[in-house]
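The structure appears below as structure tokens.
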Amino acid sequence: MDRHSRVAVATSLALFAAAAGAHTEAGQSAGFLTGLMHPVSGLDHVLAMVAVGMWGAQLGAPAIWLLPVTFPLVMALGGLLGLLGIPLPGVEIGIAASAILLGAAVMTDRRLPLVAAALLVGAFAIFHGHAHGTELPEGQSGLLYSLGFVVATGCLHAIGIAIGAIHRWPAGRVALRIAGGGVGLAGLLFLWRAVV
Amino acid sequence: MVESGLGPYYDGMLHVVLSAQDLLPILGLAVIAGLGGKPHARLAILLLPLAWLIAGFIGTQVARPLPAFIAWLPLVLVGGCLAFDSRPPRGVLALFVVAMGAWLGYGNGAALRVAGADMRAVIGSAGTVLVATTLLAAGAVALQAGWRRIAWRVAGSWIAAAGVLLLGWTLR
């Protein structure tokens, strides 16, 4: 590290020299953690979000980066509807359908035009966002909860993209398609549970 | 306002760190500037804390916090610009940075005044803004090739999404 870098780091540390007091505002840290855990507490959310990443990896550029950039924004619109109490019919069915169709897309290595893929994923994002928005626990910080589940969703996409990277190898392409089939089958189970 | 127990300067520093709706737009502005290159980054490092400090002083004098129902707007504007990889000319960036810095700084100053703090807390908060802007802008200047730029854009979409949801929370 050169002299200028050491000076910069020392200056930064000097401004933060004091230990921060414990945060006492009620609900804030709990709100972020609750939001962070929400997408991973439901297998339907987890599988669908990972499948988005896997499909993006299969589709390649620009889908592989366009989906993670736009998905949170569209999901937030769904969350906005949920927060405002605007009902969205068949949310659980929509979430189950997202797992079925995304799993099927990965299994068949379906290459839709970018616009079609984006519209399909966007529609599912509305359902997922609505579910998160309606399930905000009382007494939690709305902004931090929102940030938590957006971050968790993004991380699930990243995991899906990382898994999807195996498609560059022949055996990896087969494994990925099998994984997609698994996601689709799980989606059928979620649909059955939502309907019955 | 959380008290650090170390005096008003550090209380002000802590206030920004623990206020996500203030901190996130600051971080986003720094990254937007950094992605524009070193001249843009230097501009933001100079103007953002200065605008924050001056507006914060005005806020402590007026002591009228901004309406809560517009708190979501900086998040959506800054996050959206970052998500869509906007590359404004230096003049436009300067105006945007000053406007956002003044908006957030005024709100921060007014909130600190209502909580019983004085100008020392505002100076502390400006110190946090200076450090955060410097670090993030420098990071964005250094790390923007290839997938790194995409990662910054994803972070921007997260900020904008949080802003949209804050709107819903405000209207709820």
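The sequence lines fix the lettering, A, B, ..., with proteins before strands; numbering per chain opens at 1. FYI, side chains are in, hydrogens and waters are out, and symmetry mates aren't considered; it's all heavy atoms of this structure.
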Query - Spatial distance of atom CH2 (B/Trp147) from atom CD1 (A/Ile64) [nearest 0.5 Å] - result: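 That separation rounds to 12.5 Å.
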Report task. Quick one: pull up CG in A/Leu66 and CZ in B/Arg153 and give me the separation to the nearest 0.5 Å. Result -> 8.0 Å
Query raised in the report: With a 4.5 Å limit on heavy-atom distance, are the side chains of B/Leu167 and A/Leu83 in contact?
Result: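 The answer is no; the side chains never approach within 4.5 Å.
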Report task. Determine whether A/Leu143 and B/Leu75 make a side-chain contact, defined as any pair of heavy atoms from C-beta on separated by less than 4.5 Å. Result ->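 When only atoms from C-beta onward are counted, B/Leu75 and A/Leu143 do touch, with a gap below 4.5 Å.
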Report task. Identify which of A/Leu147, A/Val151, A/Leu77 forms the greatest number of heavy-atom pairs closer than 4.5 Å to chain B. Result ->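 Max contact count across the listed options: A/Val151.
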Requested in this report: Identify which of B/Thr170, B/Leu24, B/Val154, B/Thr134 forms the greatest number of heavy-atom pairs closer than 4.5 Å to chain A.
Outcome: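 Maximum pair count with chain A is reached by B/Val154.
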Do [X] and [Y] share a hydrophobic cluster, counting only Ile, Leu, Val, Met, Phe, Trp and Tyr and linking them when any side-chain heavy atoms are less than 4.5 Å apart?
| X | Y | value |
| --- | --- | --- |
| A/Ile93 | A/Leu185 | yes |
| B/Val114 | B/Phe69 | no |
| A/Trp65 | B/Phe84 | no |
| B/Phe96 | B/Leu104 | yes |
| A/Leu188 | A/Leu47 | no |

Of all heavy-atom pairs between [X] and [Y], which one has the smallest distance, and what is that distance?
| X | Y | value |
| --- | --- | --- |
| B/Ser157 | A/Pro68 | OG-O, 3.9 Å |
| B/Leu165 | A/Leu80 | CD2-N, 3.8 Å |
| B/Ala161 | A/Pro72 | CB-O, 3.4 Å |

**Report entry** Passing option when B/Trp158 is tested against A/Val69, A/Leu73, A/Val150 for side chain to side chain contact (heavy atoms under 4.5 Å, CB included)
**Finding:**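 Running side chain to side chain contact (heavy atoms under 4.5 Å, CB included) over A/Val69, A/Leu73, A/Val150 with B/Trp158 returns exactly one hit, A/Val150.
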Query raised in the report: Is the number of heavy atoms from other residues, nucleotides or ligands under 6.0 Å of A/Arg110 CZ greater than 12?
Result: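 At most 12 heavy atoms, drawn from other residues, nucleotides or ligands, come within 6.0 Å of this atom.
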Query raised in the report: Should the heavy atoms of other residues, nucleotides or ligands under 6.0 Å from CZ of A/Arg111 be counted, would the total exceed 12?
Result: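 Enclosed.
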Report summary line: The interface call for A/Leu81 against chain B, heavy-atom contacts under 4.5 Å, is neither
Query raised in the report: Side chain, backbone, both or neither: which part of A/Phe149 has a non-hydrogen atom closer than 4.5 Å to chain B?
Result: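 For A/Phe149, the side chain is the part near chain B, not the backbone.
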